Amino acid sequence: MTRKNTTPEDLGIDLADGKPQQLYRWFLACLLFARPIQQEIAADAYQSLIRKGHLTSPGRFEDIQREPLRKLLDDAHYARYDYVTADQLHESMRRVVEEYGSVSHMVKDAESMDDLRKRLLGFKGLGDLTADIFLNELPKEFNGRK
C-alpha cells in the first residue's frame, strides 16, 4: 500500500485563494514536515501551532519564547525534535520577517522558480525534498515561472 503525502488541503490550507496567510501556513507546515517524523505528528503539530499557539504569521513567533513553543510541539507529540524545531522555527520566521516581510513576498518577489528554490534552501533545516514539496503545491500562477 502506498502512503499518501499530506497536502495543503489535508491541513485546511487553500493556496488557490490568493491570501498571503495561506502561503505562510504552507511554509510553516513544510518546515514541520522537514524532519524525519510521522506525517500525522507533523500535521498535529501544525494544527497546534495555529490553533493553540495562535502563530498565524511569521511575526507572531516574536511573541513566543522557546519553552512555550517547545511545549506546543511536545504536546502534539513532536517530542523528538521539539527543541531543535522550536529554534529552527524562531530563526526561520525571524529571517522571513527581516529579509522578505512575509512568506507571500518571499514567493511573489522571487524572479523565478530557481530563485525561490534558492531562497527556500537558505533556511536552516529545509532541504531539497522539502523545497520540492513546497514548490510542487504552489498554484499555477507561481509554478508557471521558469
Side-chain angles (χ1 to χ4, degrees), residues 1-16 19-50 53 55-62 64-146:
M1 183 169 134
T2 315
R3 199 167 121 196
K4 178 185 171 288
N5 289 328
T6 303
T7 66
E9 292 80 21
D10 295 333
L11 300 171
I13 300 168
D14 182 4
L15 293 172
K19 293 181 182 173
Q21 186 181 56
Q22 300 301 309
L23 286 171
Y24 155 74
R25 288 178 179 226
W26 183 233
F27 179 69
L28 174 61
C30 286
L31 289 174
L32 294 168
F33 283 100
R35 300 267 176 227
I37 198 159
Q38 293 176 352
Q39 289 188 53
E40 297 81 15
I41 292 173
D44 288 347
Y46 164 78
Q47 296 295 349
S48 179
L49 294 179
I50 295 295
L55 298 169
T56 55
S57 72
R60 296 296 302 262
F61 279 83
E62 293 176 16
I64 189 167
Q65 295 190 11
R66 183 185 199 212
E67 195 54 33
L69 179 55
R70 185 216 54 85
K71 177 127 177 50
L72 284 169
L73 293 167
D74 194 52
D75 288 349
H77 305 289
Y78 202 100
R80 183 174 175 197
Y81 297 102
D82 55 355
Y83 281 106
V84 172
T85 302
D87 293 344
Q88 176 200 3
L89 289 172
H90 271 128
E91 181 181 326
S92 295
M93 296 306 171
R94 178 191 49 76
R95 185 166 171 219
V96 164
V97 170
E98 288 176 3
E99 292 183 25
Y100 306 108
S102 69
V103 175
S104 178
H105 285 122
M106 178 180 72
V107 171
K108 292 178 180 179
D109 294 345
E111 294 178 9
S112 65
M113 289 304 282
D114 285 340
D115 182 36
L116 180 52
R117 181 179 192 59
K118 286 177 190 172
R119 290 175 182 207
L120 292 170
L121 293 174
F123 287 91
K124 183 178 180 179
L126 202 152
D128 287 320
L129 181 60
T130 307
D132 288 343
I133 291 168
F134 182 85
L135 294 171
N136 288 339
E137 293 292 339
L138 290 180
K140 291 181 181 178
E141 68 184 85
F142 303 114
N143 248 340
R145 296 182 189 179
K146 297 200 181 220

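All of these numbers come straight from a predicted model, not from anything done at the bench. Because only heavy atoms are used, hydrogens play no part in the values below, and waters and symmetry mates are left out as well, while side chains stay in.
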**Asked** Does the side chain of T7 pick up a donor-acceptor pair with the side chain of D10 at under 3.5 Å?
**Response** yes
**Message:** Under the side chain to side chain contact (heavy atoms under 4.5 Å, CB included) test against F61, which residue among V97, L28, V96 passes?
**Reply:**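 Of the listed options, the one satisfying the test is L28.
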[Y] side chain reached by [X] side chain, heavy atoms, under 4.5 Å:
X: L69; Y: T85; result: no
X: R25; Y: I50; result: yes
X: R35; Y: Q88; result: yes
X: M106; Y: F123; result: yes
X: Y81; Y: I41; result: no
X: E137; Y: N5; result: no

To the nearest 0.5 Å, what is the distance between [atom1] on [X] and [atom2] on [Y]?
X: D87; Y: D82; atom1: CG; atom2: CG; result: 10.0 Å
X: L135; Y: T130; atom1: CG; atom2: OG1; result: 10.5 Å
X: R119; Y: E111; atom1: CZ; atom2: CD; result: 7.5 Å
X: L120; Y: C30; atom1: CG; atom2: SG; result: 8.5 Å
X: E40; Y: H77; atom1: CD; atom2: NE2; result: 12.5 Å
X: L116; Y: L121; atom1: CG; atom2: CG; result: 9.5 Å

Looking at [Y], is its backbone amide N or carbonyl O close enough to the side chain of [X] to form a donor-acceptor pair, meaning the two atoms are under 3.5 Å apart?
X: H105; Y: E99; result: no
X: Y78; Y: L32; result: yes
X: Q47; Y: L11; result: yes
X: N136; Y: D132; result: yes

**Item:** Electrostatic pair E67:R70 at N-O distance under 4.0 angstrom
**Value:**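 Answer for the salt bridge query: yes.
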**Intermediate values then yes/no, side-chain contact (heavy atoms from CB on, under 4.5 Å), L89 and L55** = CA-CA 11 Å; L89 289 172; L55 298 169; over 6 Å; no
**Asked** Does a sphere of radius 6.0 Å around CZ in R94 hold more than 12 heavy atoms from other residues, nucleotides or ligands, not counting ones at 6.0 Å or beyond?
**Response** yes
**Request:** Kindly determine whether L15 and E9 satisfy side-chain contact (heavy atoms from CB on, under 4.5 Å), including the steps that lead there.
**Result:** CA-CA 8 Å; L15 293 172; E9 292 80 21; 6.0 Å; no
Show the nearest heavy-atom pair for residues [X] and [Y], with the distance to one decimal.
X: A45; Y: L73; value: CB-CD2, 4.1 Å
X: M113; Y: L138; value: CE-CD1, 4.3 Å
X: P58; Y: V103; value: CG-CG2, 4.2 Å
X: A42; Y: I37; value: CB-CG2, 4.1 Å
X: I13; Y: A29; value: CD1-CB, 4.5 Å
X: A76; Y: S48; value: CB-CB, 4.2 Å

**Asked** Can Y24 and K19 be said to form a side-chain contact (heavy atoms from CB on, under 4.5 Å), step by step?
**Response** CA-CA 9 Å; Y24 155 74; K19 293 181 182 173; over 6 Å; no
**Request:** Could you check Y100 against K108 for side-chain contact (heavy atoms from CB on, under 4.5 Å), going step by step and ending with a plain yes or no?
**Result:** CA-CA 10 Å; Y100 306 108; K108 292 178 180 179; over 6 Å; no
**Asked** Step by step, would you call D75 with K71 a salt bridge (charged side-chain N to carboxylate O under 4.0 Å, His left out)?
**Response** CA-CA 6 Å; D75 288 349; K71 177 127 177 50; 3.0 Å; yes
**Request:** Look at the rings of W26 and F134 and say which category their plane angle falls in: under 30° parallel, 30 to 60° tilted, over 60° perpendicular.
**Result:**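 Judged by the thresholds at 30° and 60°, the geometry between W26 and F134 is parallel.
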